[in-house]
Amino acid sequence: MRLLIVEDEKRLAISLARGLTAEGFAVDVVHDGLEGLHRASDGAYDLVVLDIMLPGMNGYRVCAALRAAGHEVPILMLTAKDGEYDEAEGLDTGADDYLTKPFSYVVLVARVRALLRRRAGSASPVVTVGSLRMDTAARRVHLGDGEITLTAKEFAVLEQLALRAGQVVSKADVLEHVWDFAYDGDPNIVEVYVSALRRKLGAASIHTVRGAGYRLEAL
């Protein structure tokens, strides 16, 4: 999944980005409200982590502008403020959840995953495709009775395919959601990870649809 962090405290933003990247997310970071609105408006993100006190445009206005334009991306607001009024104001502008600084990183990750599951329309963190079971909360994968060990990037690539099992997922889609916007390397990196997944899951698990992308079949 691809996340956007809009946070002007650069050390915090970088720390969050590193942690979420290690969790298998593709993460972009901006430090200004106007830039955050511009990027979030592109529609390329699965979730936005949005600070309230920002230069250029505050988080309330960014959130309200996104909702007014019809963008339904989940928004998790962060703020150093505290109090029921501030929380209500954030939620009233269209935010989906709210965390007050300082917050637990573990709680933030849990909130992010919960919002992503809600967006997918499923309360369960487990994605099942035949005998393949992916627990997106615990970051564990089982095939039949055995557990498969995956790297963070392998897990993220498989998650994109599993969420759209039976459908063709293009290489561009995988790149967009698993690698950040700054990635300018070889797009064939996707093939490297698909090959690794085939070795671990079985060669027949992921089909290449020539000129279109990849399709995960029930195992």
Side-chain angles (χ1 to χ4, degrees), residues 1-21 23-81 86-101 103 108-109 111-122 136 156-157 159-160 163-164 167-185 187 190 213:
M1 297 292 178
R2 189 172 179 182
L3 312 182
L4 175 66
I5 296 175
V6 189
E7 168 61 67
D8 65 332
E9 294 183 39
K10 294 186 178 181
R11 290 180 62 183
L12 173 60
I14 292 171
S15 176
L16 290 177
R18 286 175 176 168
L20 290 166
T21 298
E23 295 285 340
F25 297 105
V27 183
D28 297 335
V29 177
V30 296
H31 306 294
D32 176 272
L34 287 171
E35 177 66 13
L37 176 60
H38 172 72
R39 288 201 177 275
S41 297
D42 288 343
Y45 296 99
D46 298 289
L47 183 140
V48 177
V49 178
L50 177 65
D51 188 30
I52 290 179
M53 304 303 290
L54 292 166
M57 177 183 285
N58 69 42
Y60 294 134
R61 293 176 60 198
V62 172
C63 183
L66 287 171
R67 296 302 187 234
H71 296 290
E72 298 181 354
V73 60
I75 296 175
L76 174 60
M77 275 193 160
L78 306 179
T79 181
K81 291 185 176 183
D86 297 317
E87 180 174 355
E89 186 174 356
L91 296 175
D92 283 346
T93 60
D96 297 274
D97 205 349
Y98 185 102
L99 276 179
T100 302
K101 302 174 185 176
F103 51 81
L108 179 134
V109 173
R111 297 282 185 90
V112 166
R113 295 199 186 284
L115 288 174
L116 291 172
R117 290 198 300 272
R118 189 187 308 170
R119 187 190 195 197
S122 172
T136 59
V157 171
E159 184 176 19
Q160 288 301 308
L163 289 172
R164 295 165 60 183
Q167 303 176 33
V168 177
V169 182
S170 71
K171 186 184 298 182
D173 282 343
V174 176
L175 278 171
E176 181 176 283
H177 288 89
V178 178
W179 280 266
D180 63 36
F181 77 94
Y183 179 77
D184 60 357
V190 176

Problem - Pair R2 + D28: basic N to acidic O under 4.0 Å - result: yes

Problem - Value rounded to 0.5 Å, distance of CG in L34 from CZ in R39 - result: 13.0 Å

Exercise for the section: Please report the closest heavy-atom contact between G33 and V62, naming both atoms and the distance. Expected result: O-CG2, 3.5 Å

Problem - Electrostatic pair K101-E7, nearest N-O below 4.0 angstrom - result: yes

Practice task
Please report the C-alpha distance between L66 and E72 in whole Å, then the side-chain angles of each, then the deciding distance to 0.1 Å, and finally whether the side chain to side chain contact (heavy atoms under 4.5 Å, CB included) criterion is met.
Solution key: CA-CA 8 Å; L66 287 171; E72 298 181 354; over 6 Å; no

Problem - Whether S15 side chain and R11 backbone form a donor-acceptor pair below 3.5 Å - result: no

Practice task
Find out whether L16 and L78 are in side-chain contact, i.e. whether some heavy atom of one side chain is under 4.5 Å from a heavy atom of the other.
Solution key: yes

Exercise for the section: Could you pull out the closest heavy-atom pair between L54 and G59, with the gap in Å? Expected result: CD1-N, 4.1 Å

Handout entry: Straight-line distance of L116 CG to F25 CZ, nearest 0.5 Å
Key = 5.5 Å

Practice task
Give the C-alpha distance, both sets of side-chain angles, the deciding distance and a yes or no for side chain to side chain contact (heavy atoms under 4.5 Å, CB included) between V73 and D46.
Solution key: CA-CA 6 Å; V73 60; D46 298 289; 6.0 Å; no

Problem - Partners passing side-chain hydrogen bond (donor to acceptor under 3.5 Å, both in side chains) against Q167 (at least two apart in sequence or in another chain) - result: none

Problem - Close side-chain approach of D97 to L115, heavy-atom, < 4.5 Å - result: yes

Problem - Closest non-hydrogen atom pair, A17 against T21 - result: O-OG1, 2.7 Å

Completion exercise
Nearest heavy-atom contact between H31 and A13 is CE1-CB, 3.9 Å

Practice task
Kindly indicate whether the side chain of L99, heavy atoms from C-beta on, has any atom under 4.5 Å from the side chain of L108.
Solution key: yes

Problem - Side-chain touch V112/L76, heavy atoms, less than 4.5 angstrom - result: yes

Problem - 4.5 Å side-chain heavy-atom contact, P74 and V48 - result: no

Practice task
Kindly determine whether L37 and M57 satisfy side chain to side chain contact (heavy atoms under 4.5 Å, CB included), including the steps that lead there.
Solution key: CA-CA 9 Å; L37 176 60; M57 177 183 285; 3.9 Å; yes

Exercise for the section: Taking all non-hydrogen atoms of both residues into account, name the closest pair between G36 and L4 and its distance. Expected result: O-CD2, 3.8 Å

Practice task
Output the distance between atom NZ (K10) and atom CG (L12), rounded to the nearest 0.5 Å.
Solution key: 13.5 Å

Practice task
To the nearest 0.5 angstrom, please state how far the CG atom of D51 sits from the CD1 atom of I5.
Solution key: 11.0 Å

Handout entry: side chain to side chain contact (heavy atoms under 4.5 Å, CB included) partner of C63, the single match among L50, N58, V6
Key = L50

Problem - Pairwise side-chain contact, I52 with Y60, heavy-atom cut-off 4.5 Å (strictly under) - result: yes

Exercise for the section: Could you tell me whether the side chain of R111 and the main chain of Y98 form a donor-acceptor pair under 3.5 Å? Expected result: yes

Handout entry: Set of salt bridge (charged side-chain N to carboxylate O under 4.0 Å, His left out) partners for R67, sequence neighbours left out
Key = D96

